Amino acid sequence: MRSIRLVLAGVPLSGAAFLLCALLAQPPHRVTGVVAAAIFCPLWFALCAANALGGIADGHRARLEAGLAGVIFTGPAAVSLLLWWASRTWWDGGPLITASRTVWVLTAGILLWAGTAQLTAVWRTPGSPVRAMSAAAAVFSPLWAAVMVVNLLLGLSVGYSLTEEIPVLLINLAVPVGIALIARILPEQDRT
């Protein structure tokens, strides 16, 4: 069950990496898929290895944990590589997202939140969904804020003014971080 949940964490994280690379890419650089895969796959491998080492530390057999790590790594890495292939085949190395950017930014944020929440749910202290969602919100919120500041700086670099970018920044921050904070509160209400 834990392996399936980790794979289910990796798939949205892979999608978020691809979307963020597509959103933050600036012309003439159209290598979205390769950059997303180059960022995602090593990070995902490190998480899978850390999970396997944790299993070994808990007394599980090393061979079993290594096999599970391979299975857990393969699904999300395959999604990342498939997105690389699709971007190279269908979008000439892109896509560069220029229309409906806010919708795509929010989608990337929600995917990143879903992956983060699933990871913390898997690695949480047993019986503590409140701590898992609090940890997920604590990891996700500053990470998302940093990505959105980069997005703002890119907007400024292509000619938007700060007064145009600040409302976009606030919307892009408010929705995913709001979801993270609501998800943090919901387990507390279930306990009462």
Side-chain angles (χ1 to χ4, degrees), residues 2-52 66-122 136 139-140 143-160 164-165 168-169 171-173 175-176 179-180:
R2 180 181 176 114
S3 300
I4 293 169
R5 291 178 73 189
L6 283 169
V7 170
L8 291 176
V11 171
L13 290 173
S14 175
F18 181 78
L19 272 177
L20 288 172
C21 286
L23 287 160
L24 300 177
Q26 296 295 303
H29 307 292
R30 299 178 63 90
V31 292
T32 299
V34 69
V35 171
I39 292 169
F40 174 77
C41 288
L43 290 173
W44 188 245
F45 181 81
L47 284 170
C48 292
N51 183 62
L68 285 174
V71 170
I72 293 166
F73 175 76
T74 301
V79 169
S80 183
L81 295 174
L82 180 64
L83 289 170
W84 175 9
W85 174 81
S87 73
R88 191 178 159 161
T89 303
W90 297 326
W91 299 306
D92 188 28
L96 287 175
I97 297 174
T98 55
S100 304
R101 282 183 57 87
T102 301
V103 171
W104 290 110
V105 168
L106 295 176
T107 301
I110 292 167
L111 286 172
L112 186 60
W113 162 248
T116 305
Q118 188 67 14
L119 280 177
T120 57
V122 170
V139 168
F140 170 76
L143 175 63
W144 188 245
V147 171
M148 289 303 92
V149 167
V150 169
N151 188 49
L152 176 134
L153 293 173
L154 287 173
L156 294 175
S157 74
V158 297
Y160 290 102
E164 291 173 309
E165 283 292 318
V168 174
L169 172 75
I171 290 168
N172 289 341
L173 272 174
V175 174
I179 290 170

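Just the heavy atoms: all of them, side chains too, but no hydrogens, waters or symmetry mates, feed the values below. These numbers come from a predicted model, not from an experiment.
The two residues A117 and T120 come nearest to each other via the heavy atoms O-OG1, 3.0 Å. Considering every non-hydrogen atom in both V122 and R5, the closest pair reads CG2-CB, 3.4 Å. The two residues N151 and N172 have their closest heavy-atom pair at ND2-ND2, 3.7 Å. Residues S80 and A37 share a closest heavy-atom pair of OG-CA, 3.2 Å.
To the nearest 0.5 Å, atom CH2 of residue W104 and atom OG1 of residue T102 are 12.5 Å apart. Atom CD of E165 and atom CG of L153 lie 9.0 Å apart (nearest 0.5 Å). The CZ atom of F18 lies 6.0 Å from the OG1 atom of T32; values are rounded to the nearest 0.5 Å. Atoms CG and CG, from L13 and L112 in turn, are 6.5 Å apart once rounded to the nearest 0.5 Å. Taken from CD1 in I179 to CG in L106, the straight-line distance is 8.0 Å, to the nearest 0.5 Å.
Under the rule for a side-chain hydrogen bond (donor to acceptor under 3.5 Å, both in side chains), the partners of N51 that lie at least two apart in sequence or sit in another chain are R2, W123. Judged as a ring-ring contact (aromatic ring centres under 6.0 Å, His included), and not counting sequence neighbours, the contacts of F45 are F73.
Among residue pairs with one or both ends in residues 14-25, none qualify as side-chain hydrogen bond (donor to acceptor under 3.5 Å, both in side chains); sequence neighbours excluded.
Between V105 and M148, the closest side-chain pair of non-hydrogen atoms falls below 4.5 Å. Within the 4.5 Å cutoff, side-chain heavy atoms of C21 are placed close to those of I39.
Between the side chain of R101 and the backbone N or O of L23 there is at least one donor-acceptor pair closer than 3.5 Å. At least one donor-acceptor pair closer than 3.5 Å links the side chain of T107 to the backbone N or O of V103. The closest donor-acceptor contact from the side chain of T89 to the backbone of A86 lies at 3.5 Å or more, if one exists at all. Judged by distance alone, the side chain of S157 and the main-chain N or O of L154 form a donor-acceptor pair under 3.5 Å. Counting only distance, with no hydrogens or angles, the side chain of W44 and the backbone of I72 share a donor-acceptor pair below 3.5 Å. Judged by distance alone, the side chain of W113 and the main-chain N or O of A136 form no donor-acceptor pair under 3.5 Å.
Within a 6.0 Å sphere centred on CH2 of W84, heavy atoms belonging to other residues, nucleotides or ligands number 12 at most.
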